[in-house]
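To start, the structure itself, in structure tokens.
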Amino acid sequence: MSPIKQFFEKKAADRKKKKADAAHKLTEGLLRPRSRLLQAMTEPVKFEASGPSDAQIAAGSVELASLEKLDKQENNTSLNAIRARARKEMKQLSEPSSEGAVGNLQTAEAALPSSLATSGVFYTCPMIGPQVLPRKEIDQLIRDYLREQLQGEDAGLTACVVIHTLNKNKEKVQNCVDTINRILENVIQHPTEEKYRKIRVMSTAFQEKVYYMEGSKEFLMAAGFQLVQLPGPDGNEEDYYVLMDFDEGKKENIMMLREALNDAEAIRPELDRSLRVLFPADARRKTELPDEFYDLTAEELKKEQELRKHVVEQELMLRTKAMREREAQREKRKYRYTLIRIRFPDEIILQGTFKVNEKLRDVTSFIQEALEEPLRPFVLSFSGKKLVDQDVSLLDLELIPSVTLHFNWDQPCAESETSFLKETILALLENV
């Protein structure tokens, strides 16, 4: 089954689930629990199979405990090595007056691989495949994929997705969908009237709202319309989309496609977090953010800042509070992405890339997916203040363009023998 068809079947399944959930709520509480006697009569009888002897169980338990102990010791050794290095680096960073520490730190920083730096902003599209690419390349991959699917058996369903995905102006997309809906509704309501079963291609409304929208022509063809030449209003031959005949089979097809067109959603690439796990010395490096993080390029931003610096210094004392707030808002809007680093109590740092309009809850989810204990409550703090409201954007929290948050469990406890992060995440550390 093609991903396009799976997409629409999932939409249909979601609608059925919502209806079922609503019906369940209506009947919930009306059903009385069965009596104990009836429950006992209807439950199947359970038979217990004979198991290993007590001696076999005891021997197996001893062997299992021994293996678990060895595995635990091995994991603890690795974890302790990671923690020891992190603390050593943190100590060096906090003792700038120590010549030896500075020398060791500079040597360590010089040897850091460039792969630990964020090298750009990347996207992925799970519906299409595992590729992680820059935005322009992932957009082209989506376009190529949809264009290829238009040649397949699900061309009509694909056309619905193409209309919503490859046309970026949302208002024009909605006008196109509304216009096609009216065309199909007229066909369904007046199947025998010829005027409702043909569309003059050169008509102003059709040209403005439908014809130049990607996917619209393929949709009409999938609905049964054919492109033919007919006499126009002035008697000259013109292009028309015509539904040659109409029967129950075509009616069902049109109704299915109309529903799919209204249900379809744009396929949008997802921002890849570019997850990294860093030691303190790695995080200490002053890595320049890529140009994609800014609405302006880094070079343009630098020039603008230099030009405005002198003027700002002169006007600083003259500006009102409202003027300063407006200026701060303008500064914020320069950023499109932000680099979030989360420092754990063991000094290990988790790093990810976010859009500035994402919420704090998105950062929280990112952290939970990396934790060894994802369900355990934790708190994040920035500049000594706890971050509480999960629905505030990273832009409004001023977590831009690159910040470090501090992680702590909600209920502090003694140092655990297990890591804060999953082993698979810790494995991303280099030069352990």
Side-chain angles (χ1 to χ4, degrees), residues 78-79 81-90 92-93 105 107-124 126 130-135 137-138 269-294 298 335-356 358-374 378 380-382 387 394 397 399-408 418-432:
S78 177
L79 178 58
I82 290 172
R83 285 176 171 170
R85 173 174 168 176
R87 285 170 179 160
K88 181 180 178 181
E89 289 186 5
M90 201 62 200
Q92 290 175 338
L93 290 170
L105 182 59
T107 302
E109 287 184 345
L112 284 174
S114 60
S115 60
L116 288 178
T118 178
S119 57
V121 177
F122 301 96
Y123 283 81
T124 183
Q131 297 91 333
V132 179
L133 300 167
R135 181 60 189 260
E137 292 182 28
I138 203 75
E270 298 177 7
L271 178 65
D272 183 71
R273 296 300 183 201
S274 298
L275 186 150
R276 298 287 185 274
V277 187
L278 311 174
F279 282 111
D282 300 330
R284 171 69 177 261
R285 297 194 324 170
K286 295 182 178 179
T287 305
E288 292 291 331
L289 294 174
D291 290 352
E292 298 98 313
F293 271 62
Y294 307 94
Y335 306 106
R336 292 191 289 171
Y337 304 95
T338 181
L339 192 72
I340 301 292
R341 287 173 172 171
I342 301 95
R343 185 187 296 277
F344 290 86
D346 58 6
E347 308 303 345
I348 298 299
I349 295 165
L350 180 69
Q351 174 181 296
T353 301
F354 295 81
K355 293 180 181 178
V356 296
E358 290 189 81
K359 310 294 185 184
L360 180 61
R361 68 172 63 258
D362 296 307
V363 177
T364 299
S365 297
F366 170 69
I367 297 171
Q368 286 174 328
E369 290 174 4
L371 288 176
E372 185 69 32
E373 300 179 69
F378 62 87
L380 297 173
S381 58
F382 176 63
L387 301 175
L394 303 180
L397 288 170
L399 302 181
I400 54 173
S402 177
V403 297
T404 298
L405 308 181
H406 291 270
F407 174 102
N408 278 293
T418 60
S419 168
F420 292 91
L421 300 173
K422 295 176 182 176
E423 287 185 22
T424 52
I425 302 297
L426 275 180
L428 299 175
L429 278 167
E430 297 188 17
N431 297 326
V432 178

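Numbers for residues simply follow the sequence, beginning at 1.
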Item checked: Side-chain heavy-atom pair Leu278, Arg341 within 4.5 angstrom cut-off -> yes
Note to self: Please evaluate residues Ile348 and Leu429 with respect to the criterion side chain to side chain contact (heavy atoms under 4.5 Å, CB included), reporting the C-alpha separation (whole Å), side-chain torsions for both, the decisive distance (0.1 Å), and the verdict.
What the structure shows: CA-CA 9 Å; Ile348 298 299; Leu429 278 167; 4.1 Å; yes
Item checked: Heavy-atom closest pair, residues Tyr123 and Lys355 -> OH-CE, 3.4 Å
Margin query: Within this structure, what is the CG-CG distance for the pair Leu397 and Leu360, rounded to the nearest 0.5 Å?
Written below: 6.0 Å
Next item on the list: Check whether any side-chain heavy atom of Val363 sits under 4.5 Å from a side-chain heavy atom of Leu394, and report yes or no.
Entry: yes
Next item on the list: Output all residues satisfying side-chain contact (heavy atoms from CB on, under 4.5 Å) with Gln131, sequence neighbours left out; order by chain, then residue number.
Entry: Leu133, Leu141
Notebook entry, point to check: Which atoms form the tightest heavy-atom contact between Gln368 and Pro374, and what is the distance?
Noted result: O-CB, 3.3 Å
Next item on the list: State which residues pass side chain to side chain donor-acceptor pair (under 3.5 Å) with Glu358; sequence neighbours excluded, sorted by chain then number.
Entry: Arg273
Item checked: Audit row: Val277, Ile349, side chain to side chain contact (heavy atoms under 4.5 Å, CB included) steps and yes/no -> CA-CA 6 Å; Val277 187; Ile349 295 165; over 6 Å; no
Next item on the list: Hey, could you give me the CG/CG distance between Leu387 and Leu380, rounded to the nearest 0.5 Å?
Entry: 6.0 Å
Notebook entry, point to check: For Phe279 and Glu347, what are the C-alpha separation, side-chain angles and deciding distance, and is it a side chain to side chain contact (heavy atoms under 4.5 Å, CB included)?
Noted result: CA-CA 7 Å; Phe279 282 111; Glu347 308 303 345; over 6 Å; no
Checklist line | Inter-residue atom distance Ile138.CD1 - Leu271.CG, 0.5 Å rounding | finding: 11.5 Å
Notebook entry, point to check: Taking atom CZ of Phe293 and atom CD1 of Ile400, what is their separation to the nearest 0.5 Å?
Noted result: 12.0 Å
Note to self: Give me the atom names and distance for the closest heavy-atom approach of Ser402 to Thr338.
What the structure shows: N-OG1, 3.9 Å
Next item on the list: Return the set of residues passing side-chain contact (heavy atoms from CB on, under 4.5 Å) with Lys422 (not counting sequence neighbours), or none when no residue passes.
Entry: Glu372, Thr424, Ile425
Notebook entry, point to check: Please walk me through it: do Ile367 and Phe378 pass side chain to side chain contact (heavy atoms under 4.5 Å, CB included)?
Noted result: CA-CA 10 Å; Ile367 297 171; Phe378 62 87; 3.9 Å; yes
Next item on the list: Sequence neighbours left out, what passes side-chain contact (heavy atoms from CB on, under 4.5 Å) with Arg361? Give chain and number order.
Entry: Lys359, Gln390, Asp391
Check: Going from CG on Leu399 to CG on Leu405, what distance comes out if it is rounded to the nearest 0.5 angstrom?
Finding: 6.0 Å
Item checked: ring pair (Phe, Tyr, Trp, His ring centres under 6.0 Å) partners for Phe354, two or more places apart -> Phe366
Margin query: So, taking the atom named CZ in Arg276 and the one named CG in Leu339, what distance separates them when rounded to the nearest 0.5 Å?
Written below: 10.0 Å
Check: Ser274 side chain to Gly352 main-chain N or O, any donor-acceptor pair under 3.5 Å?
Finding: no
Checklist line | Listed partners of Phe344 passing ring pair (Phe, Tyr, Trp, His ring centres under 6.0 Å), at least two apart | finding: Phe407, Phe420
Next item on the list: Could you tell me which residues satisfy side-chain contact (heavy atoms from CB on, under 4.5 Å) with Pro401, sequence neighbours excluded, listed by chain and number?
Entry: Leu289, Tyr335
